[in-house]
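Working notes, beginning with the structure itself.
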Amino acid sequence: MEEHLVAGLLRRIRRLADLSQRELAAGIGVPKSTLAAAETGRGGIDARVLVRAAELAGLRLALLDAAGAEIQAMAEGAVRDRNGRRFPAHLDTRHSDEGWWHGPERYSRAQPSYTFDRARRFRDAERDRRGMPDDHLLPQPGDSPAARLAARRDAARRAERAAWERRRDAGELPPLPDFGCECPPECAEGDDGTRPFHTGDCPCRCDLG
């Protein structure tokens, strides 16, 4: 930011806040001489100090693009690595099962949920394919590699079932045989889910083959 612009902003802040140089300097914790030098363009001022000065006037600092639109800060809650460190801001995060190349023979640690491509050429190739993401990923339930694998398998089973039902409805499959179960309720109550159960006097025993 150019010094003359900072000087004008400081004067605007003082005007809106109705503060003298001495009062504003005391409010933001800098010597009056520092504030005076910044207001005349003979010195600079820390951005954090400028933020505090703006707050005293009920204002805030913002980043604007070339069209004048405000640019938001990156999300504080974006995904991090296993040590709690942020991923590089200029690169794009992704789920680790998307192109994960470390096999058990190459990598002794457990596969993380998130990763990124260190090389810009890989990042740019992915952006060409999917477009530039707005921000880093935000953690969501089910982001672990195991959970994502289970979700893909479940989606594949549902798709297979839907395709089978479409073929059945279209008459492409033979009709299902008539089937009637005559098991008494006691059979269902004794079934523990590991093997079929039937009472001794069950006349049906339909799932025993």
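Sequence positions, counted from 1, serve as the residue numbers for this chain.
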Smallest heavy-atom separation, Leu50 atom then Ile13 atom, equals CD1-CD1, 4.2 Å
Between Gly44 and Ala38, which heavy-atom pair has the shortest distance, and what is it? O-CB, 4.2 Å
Give a yes or no on whether Arg82 atom CZ has more than 12 heavy-atom contacts from other residues, nucleotides or ligands under 6.0 Å away. yes
Nearest heavy atoms of Pro184 and Cys202, plus distance in Å: CD-SG, 3.9 Å
Give me the atom names and distance for the closest heavy-atom approach of His136 to Ala89. NE2-O, 3.7 Å
Side-chain ion pair, Arg157 and Asp154, N-O less than 4.0 Å: yes
Shortest non-hydrogen contact from Ala57 to Leu16? CB-CB, 4.3 Å
Counting distance only, does the side-chain N/O of His198 pair as donor-acceptor with the main-chain N or O of Pro203 below 3.5 Å? no
Identify the two heavy atoms, one from Glu70 and one from Leu64, that lie closest to each other, and give their separation to 0.1 Å. CA-CD2, 3.6 Å
Using side chain to side chain donor-acceptor pair (under 3.5 Å) as the criterion, list what pairs up with Asp81, not counting sequence neighbours. Arg85
Are more than 12 heavy atoms, taken from residues, nucleotides or ligands other than Arg22, located less than 6.0 Å from that residue's CZ atom? no
Verify, without hydrogens or angle tests, whether Ser96 (side chain) and Pro112 (backbone) share a donor-acceptor contact under 3.5 angstrom. yes
For Asp18, is the CG atom crowded, meaning more than 12 foreign heavy atoms sit under 6.0 Å from it? no
Have a look at Glu98 and tell me which of Arg148, Arg152, Arg129 forms a salt bridge (Lys or Arg N to Asp or Glu O under 4.0 Å) with it. Arg148
Would Arg94 and Glu126 pass as an ion pair if we require N to O under 4.0 Å? no
Please list, chain by chain and in numerical order, all residues satisfying side chain to side chain donor-acceptor pair (under 3.5 Å) with Arg12, sequence neighbours excluded. none
Look only at the side chain of Arg167 and the backbone of Leu173, and say whether a donor-acceptor pair between them is shorter than 3.5 Å. no
